[in-house]
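Data first, discussion second: the structure below is written as structure tokens.
Values in this document were obtained by computation on a predicted structure and should not be read as measured data. Indexing begins at 1, ligand by ligand and atom by atom, following the structure's order.
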Amino acid sequence: MRRVYLDYASTTPVDERVVEAMLPYFTEKYGNPTSFYSFGQEAKAAVEEARAKVAELINASSEEIIFTSGGTEACNLAIKGFALKNKNKGKHIVVSKIEHFAVLEACRWLEKQGFEVSYLDVDEYGLVKPETLEGAIKSDTILAIINHANNEIGTIEPIKELAEVAQDKGVAFFSDACISNGQVEIDVEELGVDLLAMSAHKMYGPKGIGALFVARGTRLEPMFHGGGQERKLRSGTENVPGIVGFGKAAEIAKKEMKGEAERLTKLRDELIKEVLKIPRTRLNGHPKQRLPGNANFAFAFIEGEGLILELDFEGISASTGSACSSPTLEPSHVLTAIGLSHAEAHGSLRVTLGRFSTREDVQRLLEVLPRVVKRLRDISPFKDSFEDYVEGTEWKGGEHCHV
Ligand SMILES: *Cc1c(COP(=O)(O)O)cnc(C)c1O
């Protein structure tokens with residue numbers, strides 16, 4: 001059976017050009033960048049070349065790029081590093097409710113250390129309104145945090161306006177761009193952000209490598225202490241093959257991003273148009289201001305996990321905002337923040353396309369999905385309420401996770 005991967009927001013395959021660039025750094029070019037002899041200097045040169053490429057993609061300078069073990073570490077370094085270094089100026093942080101757990105859990109940890117965190121509401125599309133941010137900033141606020149784009153619903157935030165609000169109030173601004181970097185253009189100068197997190201494996205690079213953009217003059221407390229690598233902000237021998245791979249991925253993105261975004265936007269819109277023909281189906285997230293490859297749907301009367309399993313049987317990999325198997329049975333915090341009921345959130349499906357997605361992949365999904373949705377609805381314990389259901393009203397099917 002042909003396997004169809006439609007979960008690029010979870011991770012991407014590594015581009016073969018990236019693999020090729022990395023290989024010599026496992027074998028003949030294995031030096032430690034801190035060594036002064038030629039083996040070391042060869043590795044150091046490769047790291048610096050990659051740093052320049054990662055910087056160029058977001059219009060930063062090389063000195064502003066700190067390599068980390070991935071997006072999670074970059075988010076932790078940004079949030080905890082900034083808070084701990086600047087706590088004498090204030091202990092209040094504002095953050096949107098729809099962040100990745102790498103951000104939310106770092107904030108929760110800071111709360112336990114005596115910081116105060118305000119969680120900002122978003123509108124029905126997942127957008128943070130500049131007024132909401134402005135209203136939450138107090139005299140002791142030091143940091144504002146809003147994701148560049150959301151990894152579940154794909155909504156792209158108005159970061160330039162939001163960062164301007166923060167800047168006017170003397171508050172630093174961190175944006176998690178792990179899911180959007182390499183997919184849409186990001187210019188840190190233009191956006192006016194102080195900190196920005198990136199992850200290589202969401203943009204056809206390897207897993208386990210990421211970076212934090214730290215604008216000149218922004219001071220952080222390091223999380224790791226040791227040999228003083230990465231401007232003393234991230235000690236530890238550099239992941240040279242990973243960094244080289246990230247650099248290559250950034251170079252490719254720089255060249256191909258624009259054309260690729262156009263292709264994926266077209267494919268995505270075709271997909272959305274067709275899927276919305278299935279009755280009682282809604283699109284989650286912003287209709288236009290969203291990542292090129294992201295589509296997220298809510299199907300009434302369906303269990304998202306059942307949908308994922310059925311699709312997997314047909315060779316299709318996609319993702320859901322449902323988490324019935326998690327101990328808490330909590331649905332996605334992002335879907336509930338945009339106003340979905342628990343039942344609606346549990347019936348959601350995220351389809352994400354990327355560099356190697358084809359029209360055939362989308363057609364395969366469109367062939368299978370209506371049939372699977374119908375079958376699941378036919379066996380749903382809420383079948384009766386489905387028949388009584390009036391189009392346009394909100395469905396509150398209850399906690400059907402338990403049944
Ligand atoms: C994937 C992702 C992360 C975490 O990055 P890792 O490299 O997997 O640690 C953080 N934020 C967002 C928005 C992501 O999509």
Tyr204 and Phe356 aromatic ring geometry - parallel, tilted or perpendicular at 30°/60° bounds: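 If you compare the ring of Phe356 with that of Tyr204, the planes turn out perpendicular.
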
For Glu99 against Asn147, the heavy-atom pair lying closest together: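 Minimum heavy-atom separation between Glu99 and Asn147: OE2-N, 2.8 Å.
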
Polar contact flag for Cys178 and ligand 1 (N/O pairs, less than 3.5 Å): no

N/O separation below 3.5 Å, Lys202 to ligand 1: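 Yes - when backbone and side-chain N and O of Lys202 are compared with those of ligand 1, one distance drops under 3.5 Å.
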
Part of Thr72 with heavy atoms under 4.0 Å of ligand 1, whether side chain, backbone, both or neither: both

Proximity to ligand 1 by part of His201, non-hydrogen separation under 4.0 Å: side chain

For Pro370, side chain to side chain contact (heavy atoms under 4.5 Å, CB included) partners two or more places apart: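 Partners of Pro370 under the side chain to side chain contact (heavy atoms under 4.5 Å, CB included) test: Ile278.
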
Under the side chain to side chain contact (heavy atoms under 4.5 Å, CB included) test, residues paired with Lys207 that sit two or more places apart: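 Listed in chain order: Thr11, His201.
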
Minimum-distance protein heavy atom relative to [atom]:
atom                    : result
atom 13 (C) of ligand 1 : Asp176 OD2, 3.3 Å
atom 3 (C) of ligand 1  : His100 NE2, 3.5 Å
atom 5 (O) of ligand 1  : Gly71 CA, 3.3 Å

Distance filter under 4.0 Å to Gly70 heavy atoms, resulting ligand 1 atoms: 7 (O)

Ligand-residue contact atoms, ligand 1 with Ile179, heavy atoms, under 4.0 Å: 15 (O)

Polar contact flag, side-chain donor to acceptor under 3.5 angstrom, Glu152-Ser332: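 Side chains of Glu152 and Ser332: pair found under 3.5 Å.
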
Under 3.5 Å side-chain donor-acceptor pair for His148 and Ser175: no

Six-ring centre of Tyr119, Lys97 cation under 6.0 angstrom, axis tolerance 45°: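 Judged by the rule, Lys97 and Tyr119 form no cation-pi pair.
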
